[in-house]
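Heavy-atom basis, side chains included; hydrogens, waters and symmetry copies ignored.
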Amino acid sequence: MKLEVRLAQWLLAAAFLIAGGFRLWQALRGVPIGNDALLLSTVEVLIGVLLAAGWQLRAVALFAAALLLTDAVLSHPFWEFSGGAQWTRLQQFMKNMGLVGGLVLLSGAGGAKRR
């Protein structure tokens, strides 16, 4: 695998490991966190580990992209806001879209060799 693809793989994995790991760490320190957030955080850490390891890279990257796309639509509905709140939500939405784009590219660039 090319160096730039491997770097992208690890950076995308880090995004999931840090986001999920931070929330799990906070929960272990007693910060209240809902069961849904705990489950999502655990899934994020697992995705991060699987991406970093390169296990079933194409499938894991596409699953992660679908998860982020769903999260963007459900958690950052910028179209329901106006003014500064809309801008903040749009930035968060587009951050997820950028990660989705990177994961889709990774799913095509990495993984099993094509015949």
Side-chain angles (χ1 to χ4, degrees):
M1 186 180 303
K2 289 184 173 183
L3 177 61
E4 61 269 19
V5 174
R6 183 72 69 196
L7 180 61
Q9 173 188 349
W10 291 336
L11 289 172
L12 287 164
F16 285 93
L17 287 167
I18 302 262
F22 180 76
R23 281 192 302 274
L24 291 176
W25 176 253
Q26 292 292 65
L28 287 172
R29 296 183 49 147
V31 175
I33 184 170
N35 288 338
D36 291 345
L38 280 174
L39 178 61
L40 177 62
S41 299
T42 303
V43 169
E44 284 177 327
V45 168
L46 179 61
I47 287 171
V49 168
L50 294 176
L51 283 174
W55 185 82
Q56 297 290 316
L57 191 55
R58 183 169 289 125
V60 173
L62 288 175
F63 174 77
L67 182 70
L68 276 176
L69 181 61
T70 302
D71 177 63
V73 171
L74 296 177
S75 300
H76 309 299
F78 64 90
W79 52 90
E80 294 179 1
F81 294 84
S82 62
Q86 185 178 39
W87 174 243
T88 299
R89 295 289 175 122
L90 178 60
Q91 286 180 310
Q92 294 167 341
F93 182 89
M94 293 311 299
K95 177 258 314 167
N96 278 22
M97 292 300 96
L99 289 169
V100 167
L103 288 161
V104 170
L105 282 171
L106 182 62
S107 75
K113 293 185 190 247
R114 296 183 185 165
R115 295 180 190 199

Going by atom type alone, with no hydrogens or angles, which donor-acceptor pairs under 3.5 Å involve a side-chain atom of residues 15-27 and a protein atom two or more places apart or on another chain?
{"from": "R23", "atom 1": "NE", "to": "S41", "atom 2": "OG", "distance (Å)": "2.8"}
{"from": "R23", "atom 1": "NH2", "to": "E44", "atom 2": "OE1", "distance (Å)": "2.1"}
{"from": "R23", "atom 1": "NH2", "to": "E44", "atom 2": "OE2", "distance (Å)": "3.2"}

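- Scored by the side chain to side chain contact (heavy atoms under 4.5 Å, CB included) test, M94 finds L90, M97 as partners (sequence neighbours excluded).
- Every pair tested for salt bridge (Lys or Arg N to Asp or Glu O under 4.0 Å) that includes a residue from residues 79-95 fails, sequence neighbours excluded, so the list is empty.
- For D71, the side chain to side chain donor-acceptor pair (under 3.5 Å) partners are S75, N96, not counting sequence neighbours.
- Counting only residues at least two apart or in different chains, salt bridge (Lys or Arg N to Asp or Glu O under 4.0 Å) contacts with residues 3-21 are absent.
- Residues satisfying the side chain to side chain contact (heavy atoms under 4.5 Å, CB included) criterion with A8, sequence neighbours excluded, are absent altogether.
- The CG atom of L99 sits 6.5 Å away from atom CG of L12, with the distance rounded to the nearest 0.5 Å.
- Atom-to-atom distance recorded for T42:OG1 and L46:CG is 9.0 Å, nearest 0.5 angstrom.
- With contacts defined as side-chain heavy-atom distances shorter than 4.5 Å, the pair N35/L39 does not qualify.
- In this structure Q91 satisfies the side chain to side chain contact (heavy atoms under 4.5 Å, CB included) test together with W87, sequence neighbours excluded.
- For V43 against F63, the heavy-atom pair with the smallest separation is CG1-CE2, 4.3 Å.
- The hydrophobic clustering, which links ILVMFWY residues whose side-chain heavy atoms are closer than 4.5 Å, places W55 and L103 together.
- Hydrophobic cluster of V31: no remaining members, since no ILVMFWY side chain lies below 4.5 Å from it.
- Annotation for F93: atom CZ counts as buried by contact number, over 12 foreign heavy atoms lying within 6.0 Å.
- Residue V104 comes nearest to S107 through the heavy atom pair O-OG, 2.6 Å, listed as atom of the first residue, atom of the second, then distance.
- One hydrophobic cluster, built from ILVMFWY side chains closer than 4.5 Å, holds both I47 and V5.
- Under a 4.5 Å side-chain heavy-atom cut-off, the cluster of Ile, Leu, Val, Met, Phe, Trp and Tyr residues that includes L7 is completed by L11.
- Between the CG atom of L67 and the CG atom of L62 there is a distance of 12.5 Å, given to the nearest 0.5 Å.
- Heavy-atom minimum distance, L68 versus V100: CB-CG2, 3.7 Å.
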